[in-house]
Every structure is written in structure tokens, then in C-alpha cells.
Amino acid sequence: MTKTINQKMDTSQPMIYQIRLEEHLDRQRTDWFEGLAITRTDNGGTLITGQVVDQAALHGLLKKVRDLGLTLISVIRVEPGQKQALGAQE
């Protein structure tokens, strides 16, 4: 039998997030995401990766995506010890 453990995340520490966009983020707009790694994927998309201090900051990043008219594909929280370059090789 499998046991499920309900573990709460420590929200006092910044988390690493990956935000995947459908299109390439042009170089003039990368300064909107200062401090985050911007990776252009081979399939024409963009992967934005970095530490986000809290949920309010994450919502602020998503607001920038919306304000720039970009197509959001996914938002992934990278767990401690998890490889950070998920899908960066596309």
C-alpha cells in the first residue's frame, strides 16, 4: 500500500520557477525580466528561469507576460534538487 504524505512547502525561501512562452522573447523586452535567465528554445519558444521571492512576485512576472502580449504555455516550480533546465534542450 502506498502512503501519501502531505508536505507543506517552506514559503519563506525563494523558489525557482520556469515560465515557458510560445514565442521568442525579443531582445528589447528581456530587460522586463531582469535577473532571470532567458533561453530561446529551438522550437521557437522562450524559457524564463529564476528565483521568485514569493507568490506576489510570481504574479508580477505573469502580469508582464500578459502586458507584452506573449502566449503562456506553462509555469513550473522547480523542486530542490530537480534539474533546472527542464525542456531547455528543445
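The two residues H24 and T46 have their closest heavy-atom pair at CA-OG1, 3.1 Å. Heavy-atom minimum distance, G50 versus L36: CA-CD2, 3.4 Å. Taking all atoms of both residues into account, the shortest heavy-atom contact from L21 to I73 is C-CG1, 3.8 Å. Smallest separation of non-hydrogen atoms from D54 and A57: OD1-N, 2.8 Å.
One finds the CZ atom of R40 at 11.0 Å from the CD atom of E23 (value rounded to the nearest 0.5 Å). One finds the NZ atom of K64 at 12.5 Å from the CG atom of L70 (value rounded to the nearest 0.5 Å). Rounding to the nearest 0.5 angstrom, the gap separating the CZ atom in R20 from the CG atom in N43 is 7.0 Å. T49 OG1 to I16 CD1: the interatomic distance, rounded to the nearest 0.5 Å, is 9.0 Å.
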Criterion side-chain contact (heavy atoms from CB on, under 4.5 Å) on Q55 and H59, from CA distance to verdict: CA-CA 6 Å; Q55 290 291 299; H59 283 266; 4.3 Å; yes
Determine, step by step, whether L61 and I48 satisfy the side-chain contact (heavy atoms from CB on, under 4.5 Å) criterion, reporting the C-alpha distance in whole Å, the side-chain angles of both residues, the deciding distance to 0.1 Å, and the verdict. CA-CA 10 Å; L61 290 171; I48 302 171; over 6 Å; no
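In this structure, the side chain of R77 does not engage the main chain of M15 through any donor-acceptor pair within 3.5 Å.
Inter-residue side-chain proximity for W32 and L25 is flagged as unmet; no heavy-atom pair is nearer than 4.5 Å.
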